[in-house]
Amino acid sequence: MTLSPGTEVRVRDDWPERRGPCHIRTPHYVRGRMGMVARHLGNFPNPEDLAFGRPAPVRALYHVAFAQPPLFAEGTAGDDILIELFEHWLEPA
Amino acid sequence: MSPPPRPAMVDLLARFEAALAARGLLEPGEVEARIAITDRASPAIGAAMVARAWTDAGYRALLLADGRAAAEDMGVTMVGSPPLGVLADAPGLHHLVVCTLCSCYPRAVLGYPPHWYKTAAYRARAVRDPRGVLAEWGTVLPEGTRVRVVDSTADYRWMVLPEQPPETLGWGAERLAGIVTRDVLVGVALPVPV
């Protein structure tokens, strides 16, 4: 099921890099944080598998918007950050 | 006198390319062809795309819907390049592009990224303090403009379509492209009519 624009999501608070070698395209600063789906960008092979030459299942990629504050404890209300995130990093808010 | 030994890195690269070729993953001349494509790319391509979008509503629509098709329409080779996303500034909205994880950059239409784009300082500060970064570039946004930072984390590459300065209405495409600098296409600067 493709998430619709406007859907509120939480980025998984997961740290695979603590469990061993990995290639993660989800920045540290959004792990565990709330965002809103801006749009579905398409479906792409999972880079976490591609990086290790493993069979890479195709995953939905979303543009997700995060409000600048409170993502950082500084900044201007109304500003935001758009990030490309794969579906397996998103959970219901 | 015998020639000096090949540097270890050059030797390793040659062996790597030979291994890829042996597996049928690399054609002769493919690496050289790819380097030539990247060497030919420059911000002039992105600038020409922006200038055309400012004067041609149909092209603007194509650029925003499918950046790759819009680049190919300008004669750019996009084979093997990631999808190109185009971020349209609007009254009250300004985009700034960064790649906090590495240095993802729309090379097909802007060429090689500048040194500062790859520095830890820019990558860390663009997301945390975008307005401070813009101020240091001397970029002054109109009062009340929202800043939207785009962290290029995955399969897309992003380019900014700035707003056309009203003073430039009626200018030709070449003159318009002349005010769209590399820095404008990443969003650290605004086009300045000259």
Side-chain angles (χ1 to χ4, degrees), chain A residues 5 11-12 15-17 22-31 33 35-51 53 56-90, chain B residues 19-20 23 25 64-69 81-90 92-106 120 123-135 141-160 187:
Chain A
V11 182
R12 274 175 39 217
W15 301 83
E17 47 273 82
C22 60
H23 176 79
I24 304 297
R25 303 303 306 179
T26 301
H28 294 187
Y29 66 85
V30 289
R31 309 267 177 99
R33 309 304 290 264
M36 184 182 284
V37 172
R39 69 185 174 107
H40 175 224
L41 291 168
N43 301 313
F44 297 90
N46 186 356
E48 295 164 23
D49 293 315
L50 279 183
V58 169
R59 306 260 195 207
L61 182 67
Y62 293 97
H63 237 177
V64 182
F66 298 83
Q68 169 78 18
L71 193 57
F72 293 97
E74 55 188 295
T76 303
D79 290 354
D80 62 6
I81 305 180
L82 266 184
I83 308 179
E84 291 154 79
L85 295 171
F86 281 93
E87 58 183 342
H88 58 280
W89 276 92
L90 306 176
Chain B
L20 290 173
R23 286 163 177 75
L25 296 171
L64 296 179
D66 187 344
R68 181 198 291 265
S81 293
L84 175 66
V86 179
L87 307 154
D89 284 354
L93 177 64
H94 178 78
H95 291 90
L96 177 68
V97 180
V98 64
C99 172
T100 59
L101 297 175
C102 45
S103 55
C104 296
Y105 189 78
R123 288 157 51 201
R125 293 190 57 223
V127 284
R128 200 187 71 228
D129 181 23
R131 289 176 182 270
V133 170
L134 289 171
L141 301 175
E143 189 83 20
T145 302
R146 290 197 301 124
V147 173
R148 171 165 268 194
V149 176
V150 177
D151 189 355
S152 190
T153 50
D155 287 73
Y156 271 71
R157 299 295 178 268
W158 300 99
M159 181 182 99
V160 176

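Proteins come first, then strands; the chains are lettered A, B, ... in the order of their sequence lines, and each starts at number 1. Every value quoted in this text rests on a predicted model; they were computed, and no experiment measured them.
- The minimum heavy-atom distance linking A:Pro27 with B:Leu101 is given by the pair CA-CD2, 4.1 Å.
- Ranked by heavy-atom pairs shorter than 4.5 Å toward chain B, the options A:Ile81, A:Leu71, A:Asp80 are led by A:Asp80.
- In this structure, the portion of A:Ala65 lying under 4.5 Å from any heavy atom of chain B is its side chain and not its backbone.
- Among all heavy-atom pairs drawn from A:Asp79 and B:Thr145, the shortest one is OD1-O, 4.4 Å.
- The CD atom of A:Gln68 sits 8.0 Å away from the CG atom of B:Asp129 when rounded to the nearest 0.5 Å.
- Of the two parts of A:Ile83, the backbone and the side chain both hold a non-hydrogen atom closer than 4.5 Å to a non-hydrogen atom of chain B.
- Of all heavy-atom pairs spanning B:Thr153 and A:Arg25, the tightest one is O-NE, 2.7 Å.
- In this structure, chain B has a heavy atom under 4.5 Å from the side chain of A:His63, while its backbone stays farther away.
- The backbone N or O of A:Leu41 sits less than 3.5 Å from a side-chain atom of B:Tyr156, completing a donor-acceptor pair.
- Within the 4.5 angstrom heavy-atom criterion, no atom of A:Phe66 approaches chain B.
- With a 4.5 Å cut-off on non-hydrogen atoms, B:Arg131 touches chain A through its side chain but not through its backbone.
- Residues A:Tyr29 and B:Asp151 share a closest heavy-atom pair of OH-OD2, 2.5 Å.
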